[in-house]
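Each remark here refers to the structure printed beneath this line.
Letters go in sequence order (proteins before strands), and every chain restarts at 1. Every heavy atom of this structure was used, including side-chain atoms; hydrogens, water molecules and symmetry mates were not.
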Amino acid sequence: MTYIAKPKFQHPGLKKNTVGYTHRDYEGRISTLCAGCGHDSISAALIETFFELAIEPHRVAKLSGIGCSSKTPDYFLGQSHGFNAVHGRMPSVLTGANLANRDLIYLGVSGDGDSASIGLGQFAHCVRRGVNMVYICENNGVYGLTKGQFSATADKGSKSKAGGLNSDSPIDLVSLALLLGATFVARSFSGDKKQLVPILKAAFTHEGSAVIDVISPCVQFNNHVGSTKSFDFVREHNDAVNRIDFITPRDEITVDYAPGTVETVTQHDGSILKLSKLDPAYDPHDRAAAMAYLAEKAKAGEVVTGLLYIEEDAEDLHAHINTAHTPLNKLAEKDLCPGSTALEAINEEYR
Amino acid sequence: MTYIAKPKFQHPGLKKNTVGYTHRDYEGRISTLCAGCGHDSISAALIETFFELAIEPHRVAKLSGIGCSSKTPDYFLGQSHGFNAVHGRMPSVLTGANLANRDLIYLGVSGDGDSASIGLGQFAHCVRRGVNMVYICENNGVYGLTKGQFSATADKGSKSKAGGLNSDSPIDLVSLALLLGATFVARSFSGDKKQLVPILKAAFTHEGSAVIDVISPCVQFNNHVGSTKSFDFVREHNDAVNRIDFITPRDEITVDYAPGTVETVTQHDGSILKLSKLDPAYDPHDRAAAMAYLAEKAKAGEVVTGLLYIEEDAEDLHAHINTAHTPLNKLAEKDLCPGSTALEAINEEYR
Amino acid sequence: MSQPSTASATKPIADTNDFVVKFANVNGSGSASANELFARAVLRMGVPVCSRNIFPSNIQGLPTWYEVRVSGEGWLGRRGGVDLMVAMNPQTWNKDLAEIEQGGYLLYDSTKPLTSQKLREDVTLLGVPLTQLSNTLEGTIPRERQLLKNVIYLGALSALLGFEAAVVEELIGRQFKGKDKLIKLNLRAVELGHDYATKNLAGKCHLKVARADKVGDRIFISGNDAAGLGAVYGGATVCAWYPITPSTSVAEAFTKHCKKLRVDPVTKENKFAIIQAEDEIAAIGMVLGANWNGARAFTATSGPGISLMQEFFGLAYYAEVPAVVFDIQRGGPSTGMPTRTQQSDILLAAYASHGDTKQVMIFPKGPNEAFEFSALSFDLAERLQTPVFVMMDLDIGMNDWLVEPLKWDDARQYDRGKVMTAEELDGGKTFARYLDVDGDAIPWRTIPGTHPNKGTFFTRGSSHNAYAVYSEEGKDYTEVMQRLLRKFETAKTMVPGPIRHDAKAATRWGAIYFGSTSVAMDEASAKLEAQGLMVDTLRLRAFPFSDEVVDFINAHDQVFVIEQNRDAQMQKLLVNECTIDPVKFISLLHYDGAPITARFITSAIAERMSVTRKEAAE
Amino acid sequence: MSQPSTASATKPIADTNDFVVKFANVNGSGSASANELFARAVLRMGVPVCSRNIFPSNIQGLPTWYEVRVSGEGWLGRRGGVDLMVAMNPQTWNKDLAEIEQGGYLLYDSTKPLTSQKLREDVTLLGVPLTQLSNTLEGTIPRERQLLKNVIYLGALSALLGFEAAVVEELIGRQFKGKDKLIKLNLRAVELGHDYATKNLAGKCHLKVARADKVGDRIFISGNDAAGLGAVYGGATVCAWYPITPSTSVAEAFTKHCKKLRVDPVTKENKFAIIQAEDEIAAIGMVLGANWNGARAFTATSGPGISLMQEFFGLAYYAEVPAVVFDIQRGGPSTGMPTRTQQSDILLAAYASHGDTKQVMIFPKGPNEAFEFSALSFDLAERLQTPVFVMMDLDIGMNDWLVEPLKWDDARQYDRGKVMTAEELDGGKTFARYLDVDGDAIPWRTIPGTHPNKGTFFTRGSSHNAYAVYSEEGKDYTEVMQRLLRKFETAKTMVPGPIRHDAKAATRWGAIYFGSTSVAMDEASAKLEAQGLMVDTLRLRAFPFSDEVVDFINAHDQVFVIEQNRDAQMQKLLVNECTIDPVKFISLLHYDGAPITARFITSAIAERMSVTRKEAAE
Ligand SMILES: Cc1ncc(C[n+]2csc(CCOP(=O)(O)OP(=O)(O)O)c2C)c(N)n1
Ligand SMILES: Cc1ncc(C[n+]2csc(CCOP(=O)(O)OP(=O)(O)O)c2C)c(N)n1
Ligand code: SF4
Ligand code: SF4
Ligand SMILES: [Mg+2]
Ligand SMILES: [Mg+2]
């Protein structure tokens with residue numbers, strides 16, 4: 001990280017997206033993370049995603065917990081409201097925010113300690129309610145900010161920088177999300193922007209709980225030999241089941257694909273996902289099969305990445321509880337307060 | 001429940017088990033639960049199990065959270081120490097107790113609200129650590145003690161007594177336990193003592209985390225038509241994958257089984273489980289397959305019961321962290337306090 | 001409670017419109033509705049009652065009591081003692097018998113003769129063969145007959161106490177509206193009891209209810225029900241909660257009223273969102289998220305929930321996020337007495353969470369204020385940008401109270417506090433989230449999504465400067481922390497002030513009380529004044545304490561502080577926040593879980609005052 | 001801090017063995033070890049130092065400071081102000097420059113000429129071309145040279161301040177023991193700096209370290225390290241924790257020492273169990289479970305953890321389960337300032353959880369007491385059957401302090417309190433878990449598995465009678481609650497009493513302080529006495545307060561209470577628990593996150609005393 005503030009002056013030539021924002025409009029404060037931290041690459045991928053999806057920054061609410069990963073929302077989308085909750089409790093805060101205004105786009109950023117240890121319960125319940133959000137776990141297998149203790153996603157037998165071996169069974173957030181009914185589940189790698197960005201685009205256009213586990217190595221405490229969350233390990237054991245081309249309703253389709261190799265998924269908003277299957281057997285619409293596949297590969301020490309499951313016609317929490325389409329935070333006093341005559345009638349019921 | 005205290009006088013003829021205790025020695029206070037509550041049947045099954053396993057009551061520590069289910073430890077094993085923790089936090093208290101004395105037998109009794117809602121995180125982490133215990137969730141799909149709200153194990157679309165429909169995805173504690181590495185996983189039904197008792201016996205002789213989800217209808221708030229946790233529903237949709245005959249090292253084997261139909265599992269302590277497969281395809285040693293099977297059956301609305309997974313050579317938390325075989329709570333001051341000479345040497349390191 | 005003597009001389013109590021009836025039942029036996037019907041019948045006779053439900057933390061089979069005080073004078077607190085005991089629970093017979101006042105009455109099921117049971121010579125027995133009578137009800141199953149026994153004793157009581165027949169009929173008709181078969185059956189049961197009593201117990205009971213006109217247009221409602229309704233009127237749109245006795249019925253009431261008042265008639269869509277969270281930590285998290293995002297949101301819980309929410313309370317205080325929290329207090333510590341009442345979460349709420357915080361609390365005295373303060377608390381939370389704790393208790397929350405009809409002033413408007421709009425931002429108003437621009441220490445906030453490129457900020461519980469930027473600078477930190485202290489000063493001017501009532505004559509004695517103690521206190525002061533003991537009283541309605549509180553204390557030499565907890569928690573707050581010499585205070589503490597009684601307060605104060613009088617005399 | 005003037009007249013500060021050096025670095029740049037080496041070098045010269053690490057809540061790239069006070073007189077608190085600033089962080093140059101005392105010094109990397117940077121005429125510049133010099137180190141990669149720059153300025157300082165060469169050599173040899181290549185490299189770097197300074201800066205620096213004999217056999221250790229060791233000596237076998245700054249190093253120290261002292265030489269088995277829990281709630285749950293089951297167990301946490309553990313604290317208090325909790329306090333509220341120090345969890349711990357509770361706290365003044373009280377707390381927790389909070393803070397916990405060697409009396413024996421054995425049970429001793437049989441309000445307990453058919457009981461947080469049986473009876477509940485109050489009285493006789501120190505002359509002024517404030521307070525009282533201002537002092541070491549505390553307060557007209565929090569939390573406790581008129585207290589509050597300084601205390605007290613003097617004079 002460098003201490004010289006970037007000049008805020010914007011080069012007139014900077015390319016604008018369809019809503020008139022430049023790439024820089026999606027940036028945030030200068031990162032205070034370690035040079036080379038995987039989390040910074042994820043922030044970069046998010047910036048690219050929002051710019052290309054042409055989402056106005058103020059239409060996004062970014063929430064996080066506590067940890068190096070949870071600090072990142074300060075480092076992108078400087079023109080969006082942000083909320084650093086307490087450790088492991090972002091999902092509840094995000095749920096409440098979402099209830100208050102269904103019209104914004106909700107991004108939850110968390111870490112593996114934040115999500116799988118102290119926050120496991122909130123993560124699970126937020127997902128099973130179908131809160132409309134993109135939930136990213138920046139997964140490095142350790143507690144970065146507290147200096148490298150194992151987190152609950154560390155694999156059994158993986159080695160800590162200090163040399164200790166992890167003896168607890170790992171929590172695979174992706175399998176857990178599948179078990180809990182998440183309607184969009186993916187895994188990616190901070191080192192693979194090509195895979196990550198389209199997945200993010202697909203997630204932000206999904207209506208429901210989208211959970212993305214992004215392996216994001218901690219160069220400071222968990223990038224050594226023996227760690228299953230190091231850059232090298234993930235590169236060597238990355239088993240990508242598919243690749244996405246994301247096509248918004250606006251774009252006309254240019255690429256053409258060899259027949260049979262590609263599956264087309266159309267989402268609520270008309271956006272289209274072209275899924276080129278790397279593993280022809282893999283079906284991202286079969287929850288049970290997906291879980292079995294993950295369990296098998298995990299045994300083999302493979303890191304399965306890609307779009308693992310999608311339910312394009314998912315319904316979110318608001319649909320379940322039939323909330324008004326006008327965001328609750330926009331309802332006026334007259335919509336909310338029944339007034340004195342109604343009260344007289346109510347009093348009568350209690351006589 | 002009746003208010004006339006049972007006479008404490010013991011009939012001389014009362015049958016004694018091999019350690020000289022009668023059935024009544026395993027009973028507790030009179031239950032204060034509703035007449036017909038499934039939980040009381042589970043207490044009865046536990047009493048039978050302990051009597052038949054001939055475990056001395058004081059060698060058992062019974063712990064629970066808060067709820068009707070969590071009250072039950074007061075209603076059996078009156079000669080064992082018990083601990084009603086706070087709501088959803090029994091797993092941590094049990095873990096601590098287990099660390100202090102590895103020689104006792106630990107029984108955790110909980111409810112679906114206690115385990116799957118507020119206690120989900122503790123349940124998950126206790127299991128992934130491999131704490132040597134029998135964890136029973138008395139699962140009725142509602143919060144009984146607070147008068148019938150849906151719990152997190154209520155199935156999507158199942159109906160509340162008041163008529164409301166549940167819209168959240170259910171948490172299946174059995175699948176979750178499998179995902180988290182539990183080494184003994186079973187499901188049973190409070191109405192099926194024949195199945196439950198042998199499962200309990202097998203669980204208490206297992207060394208590691210044994211998780212048993214017992215569907216236990218709440219006659220007061222969740223036994224109506226439309227509920228998937230009612231006596232009728234479970235009876236109609238019970239898909240038992242196997243039946244266990246539990247054989248202690250002492251017993252000689254009397255029954256003989258038609259070849260092929262039975263699998264023999266021998267546990268640490270030499271006890272033998274004769275598994276008669278009801279579903280020949282089902283393999284209780286294949287974690288991934290078990291999860292897939294559960295997912296499939298759940299879709300079909302079936303309630304899978306039986307011994308779902310077992311790792312007979314499992315290791316528990318103490319093995320993982322290499323704790324002394326002498327229980328920590330029995331170590332004497334001389335084992336623990338290094339004394340003044342050692343301290344002088346330590347001081348030197350800080351000069 | 002008076003010591004039962006065995007003197008056979010004692011005359012049976014004779015009283016009209018002023019006595020206490022207590023029903024001792026087994027819970028789950030269906031007594032609740034019959035007992036409530038009894039209370040309502042007295043109301044229909046134009047005579048005020050107050051009723052208290054004393055129930056176990058279990059669903060079926062344990063002892064439960066329902067205490068009804070009939071008070072022509074209109075006293076609504078517990079009096080203490082029982083004049084007529086309806087003893088339906090053999091488990092508690094002895095205890096129940098012992099509680100009866102000298103010369104009181106005991107109604108019981110005389111189907112089987114009394115053999116082993118203890119008796120008292122001074123207590124008049126009113127035997128009604130309930131089981132036997134219920135068996136005469138044709139076409140009923142045992143479970144029904146079990147329920148109808150309760151209706152039969154209701155009938156017997158209506159005869160013994162002299163209810164007008166029409167009153168009970170109307171109530172039963174109303175209760176089973178539409179179910180004619182049930183109406184018939186119940187009326188038949190009432191009749192059975194009534195006839196039996198008239199024939200066999202005539203002249204035995206000298207307690208009477210005489211038609212009066214003391215009820216007027218008052219309503220009979222629980223504080224939780226009123227609070228839930230108040231949240232609807234206050235504009236709450238999000239409720240996140242986790243079930244816990246005695247707070248559950250706040251969320252249930254909000255749900256009930258929303259379904260009636262907040263469903264769009266055309267689209268059938270809900271103008272509210274109610275989430276049963278996975279626990280209290282999640283519930284408060286949702287409440288903060290929703291408030292941060294511009295909706296009025298609340299949670300309702302009890303002690304254990306308040307403990308679990310601590311970390312989030314600290315965040316809300318420091319990051320200045322509005323929130324409304326109903327704490328329906330029960331007996332603590334820990335799981336404690338879930339079905340008993342107490343005022344023992346005060347200190348935990350006042351200084352919630354680690355680090356230095358001060359939290360706003362308001363103390364409704366009963367259902368009316370539960371309604372008004374519930375609505376008000378959403379204004380306060382948004383104006384002050386901080387959590388507001390509505391401190392109630394089981395007594396207010398779960399018992400039906402006879403109170404004035406609820407009122408709403410249509411002229412009144414929600415005050416959302418300092419929320420900067422897109423227009424204001426475009427109008428060039430500069431936005432700095434934590435800067436005190438107006439001198440009242442309350443900064444401005446913006447709601448997410450307000451403006452494309454102005455007024456965004458980052459909310460965090462880590463140290464920040466006035467511009468909401470992360471900072472580890474000591475002076476940035478202290479600047480914010482000192483402003484928060486000043487903001488608390490501002491709060492004094494916004495919260496409901498105390499209610500002072502001076503005795504007929506000037507006095508050096510004062511008494512401070514709050515919440516559910518009020519009804520008992522009203523009666524106690526009247527009784528004391530009648531005895532010539534002058535005590536000025538002050539009812540606290542909020543924390544921080546406004547200056548009137550300090551003035552009141554300074555204006556008296558000795559001040560009683562009456563609380564329903566063990567450690568004089570409110571007194572501790574008074575001493576510290578008003579800088580008072582503790583010796584000035586005399587605490588009267590009642591914390592066995594039963595609502596405080598007028599008798600307890602009266603005798604405790606009287607005793608203490610006479611002692612000091614004597615001392616003075618010597 | 002003194003206002004820098006631009007008067008060129010100011011003479012450079014000249015002082016021997018009494019000055020403050022501050023290192024301004026970027027964290028993750030490897031400065032820590034070099035800076036610590038500097039402090040140790042001064043110690044090796046026989047001159048006392050105290051050092052304070054002021055680091056950011058991040059891993060790499062943000063400003064971090066290391067402040068070393070050289071004090072021949074042996075003062076170990078922060079003095080305030082800086083005499084020599086080693087300015088290695090361009091980000092903070094201006095702030096660092098401003099902090100330098102009149103006539104102070106600034107050491108910087110002079111490889112590039114100073115152009116834009118602010119300067120002060122009164123500050124002597126000590127330029128050393130660190131980058132340039134580091135580039136002359138052959139066979140090194142950039143990252144290494146980056147690190148070695150720190151060693152080079154260490155060399156320069158050793159010349160400027162006059163360290164004996166052997167001292168630095170020995171320390172480097174010790175640090176890189178076995179790695180000869182590294183030793184050579186580092187010594188070479190030291191030499192570079194030393195030679196450059198000798199050649200180019202001779203006579204420019206008038207701050208000197210002169211060989212003395214003021215260190216003796218004292219050790220240099222952090223409070224967390226000592227506390228972890230104390231837990232080993234105290235017989236703790238179970239540690240359940242969740243990482244959080246600044247408490248993490250307590251668990252790490254316990255682990256480190258257990259691995260050395262508690263592994264069976266033969267079987268290689270561990271006589272301890274350490275679990276990194278999933279969160280603080282689980283950590284305290286495990287601690288209660290283990291203590292309930294007869295093991296000595298503890299957790300270490302900080303503010304946010306204390307908030308999350310509230311519910312379990314209530315259970316432990318009410319069900320009377322022993323527990324030891326280290327609270328290494330940091331800046332609150334909420335996430336607050338994780339890497340700054342404060343004493344602001346006092347009220348939350350004292351009255352932890354909902355309902356009425358009172359918790360035992362002990363306050364170590366530094367590493368020695370951190371060790372002793374850590375061991376002691378396990379006796380206290382078991383004797384009192386309740387949680388014991390060891391209240392430390394970041395200053396004690398994470399900084400190395402120069403203290404007397406740790407001592408252990410081998411004659412001492414663990415006191416496990418009232419645990420009934422199988423023998424006693426067979427011997428016919430009757431067991432009633434919550435009955436006060438000995439009159440000290442401490443009941444007897446049994447450990448699970450003790451006896452086949454005697455002495456079992458059910459532990460619960462719900463209301464229970466003296467026999468541990470569930471009860472909703474008001475009198476059963478109050479009986480237990482009142483005994484708990486009496487038990488707290490007994491606690492007064494067991495906890496460490498306060499330490500009183502009277503001024504040379506009799507005085508009406510007193511001062512109360514505790515914990516990490518002590519080192520600054522020691523110096524302040526001496527300074528005040530030197531100015532003829534007499535103040536008696538009392539150092540609190542525990543809550544509940546023993547009678548000496550009340551006596552001390554009553555013996556003085558005005559009592560300063562010195563705390564490192566905003567709301568005078570300890571003073572609130574004193575007022576309430578000792579029934580003191582608050583006007584008696586004058587609170588001195590320092591809460592910007594930096595450890596309190598002797599200067600702050602001295603001037604605050606002096607000012608206040610002179611004011612009153614004047615008033616008196618008028
Ligand atoms: C209640 C609470 N407990 C502990 C902490 C200390 N803490 C801060 S971040 C963190 C873990 C972060 O790990 P992770 O979520 O994986 O984020 P990373 O730093 O690895 O990106 C912990 C334990 C805290 N801030 N709050
Ligand atoms: C912290 C806390 N929150 C809420 C409660 C209230 N409460 C008691 S039991 C219970 C739910 C019990 O449900 P379950 O575990 O399914 O047990 P069941 O009664 O159905 O057997 C709740 C919410 C509590 N005791 N503590
Ligand atoms: S410590 Fe690890 S996770 Fe944290 S910023 Fe550094 S590299 Fe990233
Ligand atoms: S309420 Fe339901 S769970 Fe509770 S005791 Fe009654 S039947 Fe059982
Ligand atoms: Mg991590
Ligand atoms: Mg349940």
Side-chain angles (χ1 to χ4, degrees), chain A residues 25 29 56-59 61 63 66 73-74 78-86 89-101 103-104 121-122 124-126 129 317-318 321-331 333 335-340 342-344 346-351, chain C residues 217-221 229 232-233 235 237-238 240 261-262 264 267-275 277-279 281-295 297 311-312 315 405-410 413-414 446-453 456-462 470:
Chain A
D25 293 321
R29 302 184 165 276
E56 298 164 290
H58 71 291
R59 292 200 41 249
L63 299 94
I66 300 288
D74 209 5
Q79 299 183 48
S80 306
H81 275 70
F83 196 136
N84 248 167
V86 286
R89 319 296 180 185
M90 170 269 284
S92 60
V93 178
L94 187 151
T95 301
N98 182 298
L99 290 172
N101 182 356
D103 282 357
L104 296 185
Q122 292 214 341
H125 287 277
C126 181
R129 289 189 184 100
L317 175 60
H318 283 290
I321 62 175
N322 189 33
T323 333
H325 277 77
T326 321
L328 295 177
N329 71 353
K330 300 231 172 359
L331 294 172
E333 182 156 2
D335 300 310
L336 302 175
C337 184
S340 59
L343 191 56
E344 211 5 86
I346 295 167
N347 279 324
E348 193 44 42
E349 295 166 20
Y350 291 93
R351 288 192 177 118
Chain C
D217 67 348
R218 279 189 280 182
I219 62 173
F220 200 50
I221 188 172
L229 185 60
V232 175
Y233 273 76
T237 51
V238 175
L261 304 163
R262 284 275 196 83
D264 185 290
T267 65
K268 299 278 172 281
E269 288 178 343
N270 298 328
K271 295 184 198 157
F272 60 88
I274 297 163
I275 300 290
E278 60 270 33
D279 63 16
I281 300 179
I284 186 67
M286 293 176 194
V287 168
L288 295 189
N291 275 292
W292 171 76
N293 212 6
E311 188 188 18
F312 260 129
L315 173 68
L406 303 177
K407 291 189 182 30
W408 185 262
D409 171 4
D410 291 322
Q413 296 231 325
Y414 297 162
T446 54
I447 306 301
T450 299
H451 192 286
N453 48 36
T456 56
F457 67 95
F458 206 95
T459 301
R460 49 162 66 82
S462 44
Y470 180 76

Next on the checklist: Quick check for you: among His325(A), Arg129(A), Glu344(A), which has the greatest number of heavy-atom pairs under 4.5 Å with chain C?
Outcome noted: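 Ranked by heavy-atom pairs under 4.5 Å with chain C, first place is Arg129(A).
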Given heavy-atom pairs under 4.5 angstrom as the criterion, report whether the side chain, backbone, both or neither of [X] touches chain A.
| X | value |
| --- | --- |
| Ile284(C) | neither |
| Ala297(C) | neither |
| Asn453(C) | both |
| Phe272(C) | backbone |

Next on the checklist: Side chains of Leu315(C) and Arg89(A), heavy atoms from C-beta outward: is any pair under 4.5 Å?
Outcome noted: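 Not touching, per the 4.5 Å side-chain cut-off.
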Item to check | Arg262(C) side chain near Leu336(A) side chain, heavy-atom distance below 4.5 Å | outcome: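 A side-chain contact exists here, since the closest heavy-atom pair is under 4.5 Å.
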Donor-acceptor pair, distance only, cut-off 3.5 Å: does the side chain of [X] make one with the backbone of [Y]?
| X | Y | value |
| --- | --- | --- |
| Glu56(A) | Pro452(C) | no |
| Asn293(C) | Ala97(A) | yes |
| Asn101(A) | Gly294(C) | no |
| Asn347(A) | Ile219(C) | no |

Checklist entry - Does the side chain to side chain contact (heavy atoms under 4.5 Å, CB included) test come out yes or no for His58(A) and His451(C), once each step is laid out? => result CA-CA 7 Å; His58(A) 71 291; His451(C) 192 286; over 6 Å; no
Checklist entry - For residues Thr450(C) and His81(A), is any side-chain donor paired with an opposing acceptor at under 3.5 Å? => result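 There is no such pair between these side chains.
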Checklist entry - Please walk me through it: do Ile346(A) and Leu229(C) pass side chain to side chain contact (heavy atoms under 4.5 Å, CB included)? => result CA-CA 10 Å; Ile346(A) 295 167; Leu229(C) 185 60; 3.8 Å; yes
Side chain, backbone, both or neither of [X] within contact of chain C (heavy atoms, under 4.5 Å):
| X | result |
| --- | --- |
| Pro73(A) | both |
| Ile66(A) | neither |
| Leu104(A) | side chain |
| His318(A) | neither |
| Leu343(A) | both |
| Arg59(A) | neither |

Item to check | With Leu99(A), the side chain to side chain contact (heavy atoms under 4.5 Å, CB included) member among Val287(C), Ile275(C), Thr237(C), Ile274(C) | outcome: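 Of the listed options, the one satisfying the test is Ile275(C).
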Item to check | chain A interface, residue from Ala273(C), Ala290(C), Ala240(C) that has the most non-hydrogen pairs under 4.5 Å | outcome: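 Most pairs with chain A among the choices: Ala290(C).
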For [X] and [Y], work out which heavy atoms get closest and say how close.
| X | Y | value |
| --- | --- | --- |
| Leu261(C) | Pro338(A) | CD1-CG, 3.8 Å |
| Trp408(C) | Gly339(A) | CD1-CA, 4.1 Å |
| Asn329(A) | Ala295(C) | CB-N, 3.8 Å |

